[in-house]
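Hydrogens, waters and symmetry mates are skipped; everything else that's a heavy atom, side chains included, is used.
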Amino acid sequence: MSHRQTDTLETAAPLDLMLLRTFLAVYRAGSFTAAGALLGLSQPTVTSQVRALEEQLDRQLFERLPRGVAATSVADELAAQVAGPLDALAAVAGRTRPGAVSSEPVHLGGPIELLSTRVLPALAPLVDQGLRLRVTPGLADDLLDGLRAGRFDLVLSAIRPRGRSVVALPLMDEEFVLVAAPVWAERIGPLGCDDPGPLLDAPLVAYAEDLPIVRRYWRHVFRTRLTRSPAVVVPDLRGVLAAVVAGAGITALPRYLCAGELGSGELVALLDPDDPPINTGFLAQRAGAPERPHVALVREHLLGTARHW
């Protein structure tokens with residue numbers, strides 16, 4: 001076979017669908033190990049199948065890296081040719097398996113605070129339509145790794161996923177607000193975006209030792225670097241909220257999480273900047289995963305409901 005570039009990859013014999021399916025899984029997952037987890041195959045089996053396809057094509061499809069693989073331009077071309085037909089075939093096969101729609105629960109991952117306060121209440125009515133849910137809280141990077149490996153159907157992520165193996169749609173914008181109990185708001189007094197000095201004596205409450213949300217608020221609003229350590233660390237924003245309501249200090253929280261306390265007066269917004277820090281959350285799904293009606297139902301319901309969050 002000639003190595004000159006052509007519009008299509010040509011071989012003397014028809015390509016094996018099993019090899020193409022394995023190739024596409026590796027292409028999307030970015031590693032032999034992750035593809036094997038998706039397909040239910042061992043890593044050596046995936047490797048041998050990819051090598052067999054490379055030998056049949058007489059082309060290199062992947063460059064082996066210390067962690068994972070990188071697709072060559074030949075792999076890009078082949079994936080563009082086979083992804084649509086293989087996905088369509090997988091969708092048909094999934095629909096025709098007896099019990100495939102209703103027997104499997106939808107596996108959903110996300111931050112515990114968003115799951116508890118917004119997502120689960122929104123999805124509760126769908127249980128009456130036959131929805132079964134298995135929910136796993138966790139950090140974005142860990143959950144996205146699980147999504148790529150096939151452990152989750154959908155993941156709510158506070159960061160935009162990278163790579164072609166995951167499709168992510170914007171779900172919601174969360175605004176961060178600097179809050180304190182009324183007793184601390186009175187002690188701090190008037191506060192402006194040009195001077196965080198009045199906050200120096202207020203204890204900081206955070207969900208991690210490095211104060212990621214509070215540091216971001218300081219950088220974005222006060223245009224300065226926060227170098228203080230937290231007085232209280234609670235690895236759950238709901239715990240942070242409870243501590244601040246009780247008067248433990250000040251913190252920055254997503255507005256959706258503390259809207260009720262702000263409305264009741266249990267918390268006070270210390271600032272109302274014209275340009276508050278905002279983070280976009282995403283709803284992520286594995287690219288090319290066979291469409292299951294209940295997964296689609298959850299996805300579309302969350303996308304629609306989140307417009308009002």
Side-chain angles (χ1 to χ4, degrees), residues 109-121 135-143 156-159 171-282 306 309:
I112 184 61
E113 300 87 359
L114 184 60
L115 289 170
S116 301
T117 60
R118 287 290 189 266
V119 174
L120 290 176
V135 180
T136 302
L139 299 177
D141 286 334
D142 296 336
L143 294 173
L156 298 123
S157 173
I159 60 176
L171 181 69
M172 61 179 288
D173 287 334
E174 55 181 13
E175 174 194 339
F176 295 116
V177 55
L178 189 67
V179 296
V183 61
W184 271 108
E186 292 176 8
R187 291 174 63 177
I188 292 168
L191 184 65
C193 296
D194 57 343
D195 180 20
L199 300 172
L200 288 176
D201 294 330
L204 298 176
V205 184
Y207 82 90
E209 197 69 40
D210 60 349
L211 303 106
I213 297 178
V214 182
R215 279 193 299 105
R216 179 176 177 182
Y217 193 96
W218 245 251
R219 185 174 64 249
H220 185 94
V221 174
F222 298 123
R223 308 295 179 184
T224 188
R225 184 166 174 258
L226 180 64
T227 57
R228 296 165 55 195
S229 298
V232 180
V233 175
V234 187
D236 187 320
L237 288 179
R238 296 168 302 175
V240 172
L241 171 62
V244 174
V245 167
I250 67 172
T251 195
L253 289 171
R255 184 176 288 275
Y256 79 81
L257 190 62
C258 58
E261 288 76 9
L262 288 171
S264 68
E266 293 177 275
L267 287 182
V268 176
L270 299 176
L271 271 177
D272 184 21
D274 294 332
D275 179 28
I278 289 176
N279 186 65
T280 299
F282 296 89
W309 288 352

What pair of heavy atoms forms the shortest contact from Pro111 to Leu156, and how long is it?
CD-O, 3.4 Å
Quick check for you: to the nearest 0.5 Å, what is the distance between Leu114 atom CG and Glu174 atom CD?
7.5 Å
Close side-chain approach of Pro277 to Val221, heavy-atom, < 4.5 Å:
yes
Look up atom CD1 in Ile278 and atom CZ in Phe176, then write down how far apart they are to the nearest 0.5 Å.
9.5 Å
Correct closest heavy-atom pair for Val177 and Ala269 would be CG2-CB, 3.8 Å
Atom OG1 in Thr224, atom CZ in Arg219: separation rounded to 0.5 Å?
11.0 Å
What's the shortest heavy-atom distance between Glu113 and Arg238, and which atoms?
CG-N, 4.0 Å
Is any side-chain heavy atom of Leu199 less than 4.5 Å from a side-chain heavy atom of Leu270?
yes
Which atom pairs, one a donor and one an acceptor, fall under 3.5 Å between side chains of residues 249-256 and the rest of the protein, sequence neighbours left out?
residue : atom : partner : partner atom : Å
Thr251  : OG1  : Val205  : O            : 2.6
Arg255  : NE   : Glu175  : OE1          : 3.4
Arg255  : NE   : Glu175  : OE2          : 3.3
Arg255  : NH2  : Glu175  : OE2          : 3.1

Would you give the length of the straight line joining atom CG of Leu115 to atom OG1 of Thr136, rounded to the nearest 0.5 angstrom?
9.0 Å
Rounded to the nearest 0.5 Å, the CE atom of Met172 sits from the CG atom of Asn279 at a distance of 9.5 Å
On a heavy-atom basis, the closest approach of Ala208 and Pro230 is O-CG, 4.4 Å
Within a strict 4.5 Å, meaning less than it, do heavy atoms of the Leu241 and Val245 side chains meet?
yes
Shortest non-hydrogen contact from Cys193 to Pro273?
SG-CB, 3.9 Å
Neighbour count >12 (heavy atoms, 6.0 Å) for atom CZ, Arg223
yes
By the ring pair (Phe, Tyr, Trp, His ring centres under 6.0 Å) test, which pairs, at least two apart or in different chains, include something from residues 219-244?
Trp218-Phe222
Quick check: do Val119 and Trp309 have side-chain heavy atoms less than 4.5 Å from each other?
yes
Output, in order, the C-alpha distance, side-chain angles, deciding distance and verdict of side chain to side chain contact (heavy atoms under 4.5 Å, CB included) for Ile213 and Tyr207.
CA-CA 9 Å; Ile213 297 178; Tyr207 82 90; 3.8 Å; yes
Enumerate donor-acceptor pairs with a distance under 3.5 Å from any side-chain N or O in residues 258-268 to protein atoms, sequence neighbours excluded.
residue : atom : partner : partner atom : Å
Ser264  : OG   : Gly260  : O            : 3.3
Ser264  : OG   : Glu261  : O            : 3.2
Ser264  : OG   : Glu266  : N            : 3.4
Ser264  : OG   : Glu266  : OE1          : 3.0

For the CG atom of Leu178 and the CG atom of Asp272, what is their distance to the nearest 0.5 Å?
11.5 Å
Ile112: which of Asp236, Leu237, Val135 passes side-chain contact (heavy atoms from CB on, under 4.5 Å):
Asp236
Do Val232 and Leu204 have side chains that get closer than 4.5 Å, going by heavy atoms?
no
What pair of heavy atoms forms the shortest contact from Ile159 to Ala140, and how long is it?
CG1-CB, 3.8 Å
Between Trp184 and Ala202 (side chain of the first, backbone of the second, donor and acceptor by atom type, cut-off under 3.5 Å), is there such a pair?
no
Residues, nucleotides or ligands: over 12 heavy atoms within 6.0 Å of Leu120 CG
yes
Check step by step if side chain to side chain contact (heavy atoms under 4.5 Å, CB included) holds for Tyr217 and Leu271.
CA-CA 11 Å; Tyr217 193 96; Leu271 271 177; 3.6 Å; yes
